[in-house]
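Let me begin by presenting the structure, written as structure tokens, before commenting on it.
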Amino acid sequence: MAASAVENAGVSALRSVMLRVRQAAERSGRDPALVRVVAVSKIKPVSLIRQVYNFGHRCFGENYVQEILEKAPQLPDDIEWHFVGHLQTNKAKLLLAGVPNLALVEGVDNEKIANHLDRAVSNLGRNPLKVLVQVNTSGEESKSGIHPSDCVELAKHVKFECPNLQFSGLMTIGMPDYTSTPENFRMLSKCRTEVCKALAMAEEHCELSMGMSGDFEQAIEMGSTNVRIGSTIFGPREYPKKQTD
Ligand SMILES: *Cc1c(COP(=O)(O)O)cnc(C)c1O
Ligand SMILES: *[C@@H]1O[C@H](CO)[C@@H](O)[C@H](O)[C@H]1NC(C)=O
């Protein structure tokens, strides 16, 4: 009883998010179909994901390797999984082997992780993997995400040294507390201009993953093509135990 009330809440929340996404895209004169909504389901049960899936949504995001490895096999394989956020090098192989329908890794923030992913794709013989380079748009020295001045170099590395990866754009979280400012969004957009110039790539082929529950409308108005929305769809997260990855 209680569980199904929660599940229905997830579907109506998604419906309202999709409407707000469409309106934000229209306000900025863009086609709403060009803004992807990643339903970030970390910490949320498979039953809840299935409700949102049954409503017709296909794109889901997870942030912990162990968790996506447990959930993905229990869910239909036409889900388009995104891994969002920092990925540890020693988990790259596990992630790719365990999630054949992994569509996008949003969080390549150094050459080492790019190389590990590239090698894992090659060893598994799967299709080239799309990746976004994660940029720290808020600080000087990056914990998660490369410094904006290094984004061209890392994008070049992915494009030219990692034949099994497909460089697909840039991602940012914003501030360390998972909020963002217009300045973060402007910075990511500026990185895209530089990367596209350096790679002779059309900007419309270079995604901007920015915007989360608290700021996705503003991010869309500033050019986001991929918003990652967790708590506004699935409700606030309660962390039962310390996550280790
Ligand atoms: C959890 C998470 C999100 C979703 O955050 P909400 O504020 O709940 O929408 C987005 N991006 C990343 C990288 C995350 O880890
Ligand atoms: C970006 O770098 C700053 C400075 O090192 C750091 O404090 C901050 O946590 C990083 N931001 C993110 C989102 O990791």
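One-based numbering, in listed order, for ligands and for the atoms of each. Counting begins at 1 with the first residue of the sequence.
- Only one option out of Arg36, Gln134, Arg228 pairs with Ser209 in a side-chain hydrogen bond (donor to acceptor under 3.5 Å, both in side chains); it is Arg228.
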Between ligand 1 and the protein, find all N/O pairs closer than 3.5 Å and give the distance for each.
{"from": "ligand 1", "atom 1": "8 (O)", "to": "Ser231", "atom 2": "N", "distance (Å)": "2.8"}
{"from": "ligand 1", "atom 1": "8 (O)", "to": "Ser231", "atom 2": "OG", "distance (Å)": "2.9"}
{"from": "ligand 1", "atom 1": "8 (O)", "to": "Arg237", "atom 2": "NH1", "distance (Å)": "2.8"}
{"from": "ligand 1", "atom 1": "8 (O)", "to": "Arg237", "atom 2": "NH2", "distance (Å)": "3.2"}
{"from": "ligand 1", "atom 1": "9 (O)", "to": "Ser213", "atom 2": "N", "distance (Å)": "3.0"}
{"from": "ligand 1", "atom 1": "9 (O)", "to": "Ser213", "atom 2": "OG", "distance (Å)": "2.6"}
{"from": "ligand 1", "atom 1": "9 (O)", "to": "Gly230", "atom 2": "N", "distance (Å)": "2.8"}
{"from": "ligand 1", "atom 1": "11 (N)", "to": "Arg228", "atom 2": "NE", "distance (Å)": "2.9"}
{"from": "ligand 1", "atom 1": "15 (O)", "to": "Lys42", "atom 2": "NZ", "distance (Å)": "2.6"}

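- Near Ser144, the atoms of ligand 2 lying under 4.0 angstrom from a non-hydrogen atom of the residue are 12 (C), 14 (O).
- No side-chain N or O of Lys71 forms a donor-acceptor pair with one of Gln74 less than 3.5 Å apart.
- At a heavy-atom distance under 4.0 Å, only side-chain atoms of Ser138, from C-beta outward, approach ligand 2.
- Tested against Thr172 for a side-chain hydrogen bond (donor to acceptor under 3.5 Å, both in side chains), the candidates Asn136, Asn184, Thr137 yield a single pass: Thr137.
- Between Phe216 and Val21 the shortest side-chain heavy-atom distance falls below 4.5 Å.
- No more than 12 heavy atoms of other residues, nucleotides or ligands lie within 6.0 Å of CD in Glu153, so this atom counts as exposed by the packing criterion.
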Pair Lys42, Glu67 - check salt bridge (charged side-chain N to carboxylate O under 4.0 Å, His left out), show working. CA-CA 8 Å; Lys42 63 179 182 225; Glu67 195 180 345; over 6 Å; no
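- Shown in contact with Pro176 at under 4.0 Å from a heavy atom are these atoms of ligand 2, numbered in order with element: 8 (C), 9 (O).
- Put simply, the side chain of Ser138 gets close to the backbone of Gly174: a donor and an acceptor are under 3.5 Å apart.
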